[in-house]
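Okay, so here's the structure we're looking at.
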Amino acid sequence: MAEGLALVIEDSMTQANIVGRMLKDEDWDYVVARSLAECHEVLLQQRPNLIFVDVFLGEDNSLDHITQIRDRALDATIAIMTAGSRDASVDSTLKLARSTNVDYVLRKPFSRQQMRAIVESAQADASEGRKRKHALVIDDSHTVATLTAQTLSDNGYRVSIAHSMEEALDNEDIAHVDLIVSDIFMPGMGGLQGIRVIKSTWPNVRILAMSAGLDARVSSDRATSAAMAAGADAEIQKPFRPVELINTAIRLMAS
(Lines give C-alpha, C1' and ligand atoms only; values in the text may rest on other atoms or scores of the structure.)
Protein backbone atom coordinates (compact mmCIF):
# COMPACT_ATOMS: atom_id res chain seq x y z
CA MET A 1 0.00 0.00 0.00
CA ALA A 2 1.32 3.44 -0.93
CA GLU A 3 2.43 5.80 1.84
CA GLY A 4 0.47 8.67 0.30
CA LEU A 5 -0.69 10.44 -2.86
CA ALA A 6 1.22 13.34 -4.42
CA LEU A 7 0.08 15.75 -7.10
CA VAL A 8 2.85 16.96 -9.41
CA ILE A 9 1.89 20.17 -11.25
CA GLU A 10 4.46 20.41 -14.03
CA ASP A 11 4.09 21.18 -17.76
CA SER A 12 7.23 19.19 -18.69
CA MET A 13 6.52 15.45 -18.61
CA THR A 14 10.27 14.81 -18.42
CA GLN A 15 10.50 16.86 -15.22
CA ALA A 16 7.25 15.38 -13.90
CA ASN A 17 8.57 11.85 -14.42
CA ILE A 18 11.81 12.69 -12.59
CA VAL A 19 9.81 13.87 -9.58
CA GLY A 20 7.49 10.89 -9.98
CA ARG A 21 10.35 8.37 -9.91
CA MET A 22 11.63 9.94 -6.69
CA LEU A 23 8.15 9.62 -5.17
CA LYS A 24 7.83 5.99 -6.29
CA ASP A 25 11.17 5.26 -4.64
CA GLU A 26 9.61 6.51 -1.39
CA ASP A 27 6.54 4.26 -1.96
CA TRP A 28 4.24 7.15 -2.87
CA ASP A 29 1.67 7.22 -5.65
CA TYR A 30 1.45 10.34 -7.79
CA VAL A 31 -0.69 12.01 -10.44
CA VAL A 32 0.46 14.67 -12.90
CA ALA A 33 -1.34 17.88 -13.86
CA ARG A 34 0.25 19.77 -16.75
CA SER A 35 -1.63 23.03 -16.18
CA LEU A 36 -3.45 24.89 -13.43
CA ALA A 37 -6.76 23.93 -15.02
CA GLU A 38 -5.84 20.24 -14.81
CA CYS A 39 -4.67 20.80 -11.23
CA HIS A 40 -8.10 22.08 -10.19
CA GLU A 41 -9.80 19.13 -11.93
CA VAL A 42 -7.63 16.69 -9.97
CA LEU A 43 -8.36 18.49 -6.69
CA LEU A 44 -12.09 18.15 -7.31
CA GLN A 45 -11.69 14.37 -7.47
CA GLN A 46 -8.78 13.48 -5.20
CA ARG A 47 -7.18 14.62 -1.95
CA PRO A 48 -3.41 14.53 -2.29
CA ASN A 49 -1.28 14.63 0.84
CA LEU A 50 1.56 16.39 -0.97
CA ILE A 51 1.65 18.83 -3.89
CA PHE A 52 4.70 19.79 -5.98
CA VAL A 53 4.13 22.92 -8.06
CA ASP A 54 6.46 24.22 -10.76
CA VAL A 55 6.54 28.02 -10.74
CA PHE A 56 6.37 28.46 -14.51
CA LEU A 57 3.55 26.59 -16.25
CA GLY A 58 3.50 27.73 -19.85
CA GLU A 59 2.42 31.38 -19.76
CA ASP A 60 1.18 31.09 -16.17
CA ASN A 61 3.05 31.86 -12.99
CA SER A 62 1.74 29.44 -10.39
CA LEU A 63 2.73 31.77 -7.53
CA ASP A 64 -0.35 33.83 -8.42
CA HIS A 65 -2.56 30.78 -7.81
CA ILE A 66 -1.13 29.28 -4.61
CA THR A 67 -3.98 30.63 -2.48
CA GLN A 68 -6.54 28.87 -4.69
CA ILE A 69 -4.57 25.62 -4.56
CA ARG A 70 -4.27 25.91 -0.77
CA ASP A 71 -8.00 26.58 -0.41
CA ARG A 72 -8.78 23.37 -2.32
CA ALA A 73 -6.16 21.27 -0.51
CA LEU A 74 -6.09 22.65 3.02
CA ASP A 75 -4.32 19.66 4.58
CA ALA A 76 -1.73 19.10 1.86
CA THR A 77 1.96 19.86 2.17
CA ILE A 78 2.89 22.18 -0.73
CA ALA A 79 6.36 22.46 -2.28
CA ILE A 80 7.22 25.07 -4.91
CA MET A 81 9.85 24.08 -7.53
CA THR A 82 11.80 26.29 -9.93
CA ALA A 83 14.85 26.44 -12.16
CA GLY A 84 14.12 30.06 -13.13
CA SER A 85 13.10 31.21 -16.60
CA ARG A 86 14.32 33.32 -19.49
CA ASP A 87 12.92 36.41 -17.80
CA ALA A 88 13.61 35.66 -14.14
CA SER A 89 16.63 34.27 -12.33
CA VAL A 90 16.33 31.36 -9.92
CA ASP A 91 17.21 33.60 -6.97
CA SER A 92 14.61 36.25 -7.82
CA THR A 93 11.96 33.58 -8.35
CA LEU A 94 12.82 31.88 -5.06
CA LYS A 95 12.60 35.23 -3.29
CA LEU A 96 9.06 35.67 -4.59
CA ALA A 97 8.19 32.07 -3.75
CA ARG A 98 9.24 32.64 -0.13
CA SER A 99 6.33 35.08 0.25
CA THR A 100 3.70 32.47 -0.61
CA ASN A 101 1.92 30.26 1.89
CA VAL A 102 3.77 27.06 0.99
CA ASP A 103 5.73 24.61 3.12
CA TYR A 104 8.83 24.09 0.98
CA VAL A 105 10.69 26.01 -1.70
CA LEU A 106 12.92 23.88 -3.94
CA ARG A 107 15.64 24.91 -6.34
CA LYS A 108 15.80 22.54 -9.34
CA PRO A 109 17.41 20.10 -9.59
CA PHE A 110 16.85 18.86 -6.06
CA SER A 111 18.15 15.68 -4.46
CA ARG A 112 16.55 12.43 -3.35
CA GLN A 113 17.57 13.38 0.18
CA GLN A 114 15.48 16.55 -0.07
CA MET A 115 12.57 14.54 -1.45
CA ARG A 116 12.84 12.02 1.38
CA ALA A 117 12.78 14.79 3.99
CA ILE A 118 9.64 16.28 2.45
CA VAL A 119 7.68 13.02 2.19
CA GLU A 120 8.69 11.99 5.72
CA SER A 121 7.49 15.35 7.01
CA ALA A 122 4.21 15.01 5.09
CA GLN A 123 3.72 11.51 6.54
CA ALA A 124 4.34 12.77 10.07
CA ASP A 125 1.85 15.62 9.59
CA ALA A 126 -0.75 13.19 8.23
CA SER A 127 -0.28 10.75 11.12
CA GLU A 128 -0.74 13.56 13.66
CA GLY A 129 -3.67 15.02 11.75
CA ARG A 130 -2.19 18.52 11.76
CA LYS A 131 0.58 20.66 10.33
CA ARG A 132 3.48 20.68 12.78
CA LYS A 133 5.21 23.94 13.64
CA HIS A 134 8.56 24.34 11.89
CA ALA A 135 11.58 25.10 14.10
CA LEU A 136 15.06 26.03 12.86
CA VAL A 137 18.04 25.41 15.17
CA ILE A 138 21.16 27.47 14.42
CA ASP A 139 24.32 26.49 16.30
CA ASP A 140 27.89 25.83 15.19
CA SER A 141 28.16 23.02 17.74
CA HIS A 142 26.88 19.86 16.07
CA THR A 143 26.25 18.27 19.48
CA VAL A 144 24.17 21.18 20.82
CA ALA A 145 22.28 21.53 17.52
CA THR A 146 21.44 17.82 17.42
CA LEU A 147 20.29 17.64 21.05
CA THR A 148 18.22 20.82 20.73
CA ALA A 149 16.64 19.58 17.49
CA GLN A 150 15.84 16.20 19.06
CA THR A 151 14.10 17.86 22.01
CA LEU A 152 11.96 19.97 19.69
CA SER A 153 11.21 17.00 17.41
CA ASP A 154 10.18 14.86 20.40
CA ASN A 155 7.69 17.59 21.27
CA GLY A 156 5.96 17.75 17.90
CA TYR A 157 8.04 20.19 15.84
CA ARG A 158 9.32 19.75 12.31
CA VAL A 159 12.98 20.68 12.74
CA SER A 160 15.72 21.95 10.44
CA ILE A 161 19.35 22.56 11.45
CA ALA A 162 21.90 25.14 10.27
CA HIS A 163 25.44 25.39 11.64
CA SER A 164 25.93 29.07 10.84
CA MET A 165 23.74 32.12 10.35
CA GLU A 166 24.90 32.31 6.73
CA GLU A 167 23.70 28.74 6.12
CA ALA A 168 20.35 29.56 7.71
CA LEU A 169 19.79 32.69 5.64
CA ASP A 170 20.79 30.91 2.44
CA ASN A 171 18.13 28.24 2.97
CA GLU A 172 15.08 28.84 0.77
CA ASP A 173 12.82 27.54 3.53
CA ILE A 174 13.70 30.14 6.18
CA ALA A 175 10.58 32.17 5.40
CA HIS A 176 8.45 29.17 6.36
CA VAL A 177 9.85 28.84 9.89
CA ASP A 178 7.68 29.47 12.97
CA LEU A 179 10.43 29.32 15.61
CA ILE A 180 14.18 29.92 15.45
CA VAL A 181 16.45 28.75 18.27
CA SER A 182 19.80 30.43 17.69
CA ASP A 183 23.15 30.50 19.40
CA ILE A 184 24.61 33.98 19.81
CA PHE A 185 28.35 33.42 19.37
CA MET A 186 29.18 31.70 16.07
CA PRO A 187 31.84 32.20 13.38
CA GLY A 188 30.95 34.54 10.51
CA MET A 189 27.93 36.80 10.83
CA GLY A 190 27.05 35.44 14.24
CA GLY A 191 23.78 35.42 16.12
CA LEU A 192 23.29 39.09 16.98
CA GLN A 193 23.54 40.41 13.43
CA GLY A 194 21.59 37.43 12.13
CA ILE A 195 18.76 38.06 14.60
CA ARG A 196 18.52 41.66 13.39
CA VAL A 197 18.34 40.52 9.76
CA ILE A 198 15.71 37.86 10.47
CA LYS A 199 13.50 40.16 12.53
CA SER A 200 13.66 42.97 9.97
CA THR A 201 12.81 40.59 7.12
CA TRP A 202 10.40 38.15 8.82
CA PRO A 203 9.03 39.98 11.88
CA ASN A 204 6.50 37.26 12.69
CA VAL A 205 9.13 34.56 13.20
CA ARG A 206 9.67 33.92 16.91
CA ILE A 207 13.34 33.86 17.98
CA LEU A 208 14.75 32.15 21.07
CA ALA A 209 18.38 33.15 21.69
CA MET A 210 20.70 30.84 23.62
CA SER A 211 24.22 31.34 24.95
CA ALA A 212 26.77 30.11 27.46
CA GLY A 213 28.69 33.38 27.23
CA LEU A 214 32.09 33.89 25.58
CA ASP A 215 34.93 32.53 27.70
CA ALA A 216 35.52 34.99 30.55
CA ARG A 217 34.95 38.08 28.42
CA VAL A 218 31.16 38.10 28.08
CA SER A 219 28.77 36.56 30.59
CA SER A 220 25.76 34.52 29.54
CA ASP A 221 23.49 37.21 31.01
CA ARG A 222 25.10 39.99 28.98
CA ALA A 223 25.01 37.88 25.80
CA THR A 224 21.33 37.05 26.05
CA SER A 225 20.47 40.66 27.01
CA ALA A 226 22.25 41.82 23.84
CA ALA A 227 20.23 39.28 21.83
CA MET A 228 16.96 40.63 23.26
CA ALA A 229 18.04 44.14 22.28
CA ALA A 230 18.76 42.84 18.75
CA GLY A 231 15.21 41.54 18.43
CA ALA A 232 15.06 38.10 20.04
CA ASP A 233 11.72 37.30 21.67
CA ALA A 234 13.12 35.22 24.53
CA GLU A 235 16.44 33.97 25.87
CA ILE A 236 17.75 30.82 27.49
CA GLN A 237 21.16 30.16 29.00
CA LYS A 238 23.25 27.10 28.23
CA PRO A 239 23.32 24.47 29.50
CA PHE A 240 19.56 24.14 29.74
CA ARG A 241 17.27 21.23 30.52
CA PRO A 242 14.90 19.98 27.78
CA VAL A 243 11.87 21.03 29.84
CA GLU A 244 13.21 24.61 30.03
CA LEU A 245 13.55 24.75 26.24
CA ILE A 246 10.09 23.37 25.59
CA ASN A 247 8.36 25.54 28.20
CA THR A 248 10.02 28.63 26.75
CA ALA A 249 9.04 27.59 23.22
CA ILE A 250 5.43 27.02 24.31
CA ARG A 251 5.26 30.51 25.83
CA LEU A 252 6.75 32.04 22.69
CA MET A 253 4.39 30.29 20.29
CA ALA A 254 1.40 31.24 22.42
CA SER A 255 2.31 34.93 22.55
For the pair Arg206 and Met253, evaluate side chain to side chain contact (heavy atoms under 4.5 Å, CB included) and give the outcome as yes or no after the intermediate values. CA-CA 7 Å; Arg206 313 302 285 170; Met253 300 311 297; 4.0 Å; yes
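- Looking only at side-chain heavy atoms (C-beta outward), Leu245 and Asn155 stay at 4.5 Å or farther from each other.
- When all heavy atoms are compared, the tightest approach of Met186 to Ser164 is SD-CA, 4.4 Å.
- In terms of modelled atom types and a separation under 3.5 Å, the side chain of Glu120 and the main chain of Ala117 share no donor-acceptor contact.
- Judged by distance alone, with hydrogens and angles left aside, the side-chain atoms of Gln193 form no donor-acceptor pair with the main-chain N or O of Gly190 at under 3.5 Å.
- If you chain together hydrophobic residues whose side chains sit under 4.5 Å apart, Leu147 and Ile138 never meet in one group.
- Smallest separation of non-hydrogen atoms from Asp11 and Gly58: OD2-N, 2.9 Å.
- Minimum heavy-atom separation, Asp71 to Leu74: O-CG, 3.8 Å.
- Residues Glu38 and Val32 fail the side-chain proximity criterion, which asks for heavy atoms closer than 4.5 Å.
- Here the straight-line distance linking atom CG of Asp54 with atom OG of Ser12 works out to 8.5 Å at 0.5 Å rounding.
- Atoms CH2 and CG, on Trp28 and Leu50 in that order, are 5.0 Å from each other to the nearest 0.5 Å.
- Panel note: side chain Arg132, backbone Ser121; a donor-acceptor pair is recorded below 3.5 Å.
- A distance of 8.0 Å separates NZ of Lys133 from OH of Tyr157, quoted to the nearest 0.5 Å.
- Panel note: side chain Thr201, backbone Ile198; no donor-acceptor pair is recorded below 3.5 Å.
- At least one side-chain heavy atom of Ser160 sits under 4.5 Å from a side-chain heavy atom of His134.
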Show your working on side chain to side chain contact (heavy atoms under 4.5 Å, CB included) between Val144 and Val137 and close with a plain yes or no. CA-CA 9 Å; Val144 172; Val137 178; over 6 Å; no
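- Ser62 contributes atom OG, which lies 9.5 Å from atom CD of Glu10 (distance to the nearest 0.5 angstrom).
- With respect to the salt-bridge test (charged N to carboxylate O, under 4.0 angstrom), the residues Asp233 and Lys199 qualify.
- Atoms CG and CG, from Leu179 and Leu252 in turn, are 6.5 Å apart once rounded to the nearest 0.5 Å.
- Remark: Arg158 does not engage Asp125 in a salt bridge, criterion side-chain N to carboxylate O under 4.0 Å.
- Of all heavy-atom pairs between Ile161 and Ala149, the closest is CD1-CB, 3.6 Å.
- Annotation: side chain of Leu57 is not in contact with side chain of His65 (no heavy-atom distance under 4.5 Å).
- Looking only at side-chain heavy atoms (C-beta outward), Ile80 and Tyr104 stay at 4.5 Å or farther from each other.
- Around NZ of Lys131, the count of heavy atoms belonging to other residues, nucleotides or ligands within 6.0 Å exceeds 12.
- Thr82 OG1 to Leu63 CG: the interatomic distance, rounded to the nearest 0.5 Å, is 8.0 Å.
- Classification of Asp139 and Lys238 as a salt-bridged pair holds, one side-chain N sitting under 4.0 Å from a carboxylate O.
- Under the 3.5 Å distance criterion, the side-chain polar atoms of Asn247 are matched with a main-chain donor or acceptor of Val243.
- Put simply, the side chain of Thr146 gets close to the backbone of His142: a donor and an acceptor are under 3.5 Å apart.
- Scanning both residues, Ala230 and Leu192, for their nearest heavy atoms gives CB-O, 3.8 Å.
- With hydrogens and angles ignored, the 3.5 Å screen pairs a side-chain donor or acceptor of Asn49 with a backbone N or O of Leu5.
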